[in-house]
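Step one of this worksheet: look at the structure below.
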Amino acid sequence: QVQLVESGGGLVQAGTSLRLSCAASGRTFGNYDLAWFHQAPGKEREFVAGISRSGWTTYYSDAAKGRFIISRDNAKNTVDLQINSLKPEDTAVYYCAAKIPALIFNVTANYYYWGRGTQVTVSS
């Protein structure tokens with residue numbers, strides 16, 4: 001079992017950068033692929049970025065390519081999301097999630113473990 005807790009959100013200005021972090025508990029952290037999703041008000045939860053259990057392979061949504069960077073540290077049981085050049089449309093709750101490696105990254109239903117989310121608000 002894996003428990004996920006996100007941190008690092010807040011109110012920031014457009015054009016700045018933010019680093020979100022997700023801390024995981026559980027001995028089997030390294031057995032799971034990890035990902036970040038976001039959910040804007042009135043919209044469905046969307047895949048942003050994913051990283052394989054080894055950390056060697058990363059995946060990004062088309063919208064995230066170029067400004068978002070996902071990374072993980074299996075020794076510390078953490079997965080981070082660096083967001084650069086923030087835009088008001090990045091405003092959302094950001095969730096950390098874990099899935100087994102056999103399943104596709106960008107499908108929300110493939111993730112069994114979820115954090116409670118951290119709010120990111122970008123002012124223009």
Residue Gln3 excluded, over 12 heavy atoms near CD under 6.0 Å: no

Note, Thr91 side chain near Gln119 side chain (heavy atom, < 4.5 Å): yes

Any side-chain heavy atom of Tyr60 sitting closer than 4.5 Å to one from Val48? no

Using a 4.5 Å cut-off on heavy atoms from C-beta on, say whether the side chain of Val5 contacts that of Cys22. no

Linking I/L/V/M/F/W/Y whenever their side-chain heavy atoms sit closer than 4.5 Å, directly or via other members, would Leu103 and Leu4 fall into one cluster? yes

Is the shortest side-chain heavy-atom distance between Val93 and Thr118 below 4.5 Å? no

Nearest heavy atoms of Gly117 and Glu6, plus distance in Å: N-OE1, 2.8 Å

May I ask you to test the Lys87-Arg67 pair for a side-chain heavy-atom distance under 4.5 Å? yes

Can you tell me which residue among Ile83, Leu86, Asn84 is in a side-chain contact (heavy atoms from CB on, under 4.5 Å) with Thr16? Leu86

Once you measure the plane-to-plane angle for Tyr94 and Phe68, does it fall in the parallel (<30°), tilted (30-60°) or perpendicular (>60°) bin? parallel

Under the salt bridge (charged side-chain N to carboxylate O under 4.0 Å, His left out) rule, what do Asp33 and Arg53 come out as? Steps first, then yes or no, please. CA-CA 4 Å; Asp33 292 337; Arg53 57 181 175 171; 5.5 Å; no

Taking the side chain as every heavy atom from C-beta outward, state whether Thr121 and Val12 have any atom pair closer than 4.5 Å. no

Would you mind reporting whether Ile51 and Thr57 have side-chain heavy atoms less than 4.5 Å apart? no

Surrounding CD1 of Ile104 (heavy atoms of other residues, nucleotides or ligands, distance under 6.0 Å), is the total greater than 12? no

Say whether Asp80 and Ser71, considering side chains only, have a donor N or O and an acceptor N or O under 3.5 Å apart. no

Please examine the side chains of Gln82 and Ser17, heavy atoms only from C-beta on, and report whether any two atoms are closer than 4.5 Å. yes

Which of Phe105, Trp36, Phe37, Phe47 passes ring pair (Phe, Tyr, Trp, His ring centres under 6.0 Å) with Tyr111? It is Phe37

Correct closest heavy-atom pair for Asn74 and Phe29 would be OD1-CE2, 3.2 Å

Is Tyr59 linked to Tyr113 within one hydrophobic cluster, defined over Ile, Leu, Val, Met, Phe, Trp and Tyr using a side-chain heavy-atom separation of less than 4.5 Å? no

Kindly indicate whether a cation-pi arrangement holds for Arg45 with Tyr95, taking the cut-offs as under 6.0 Å to the six-membered ring centre and within 45° of the axis. yes

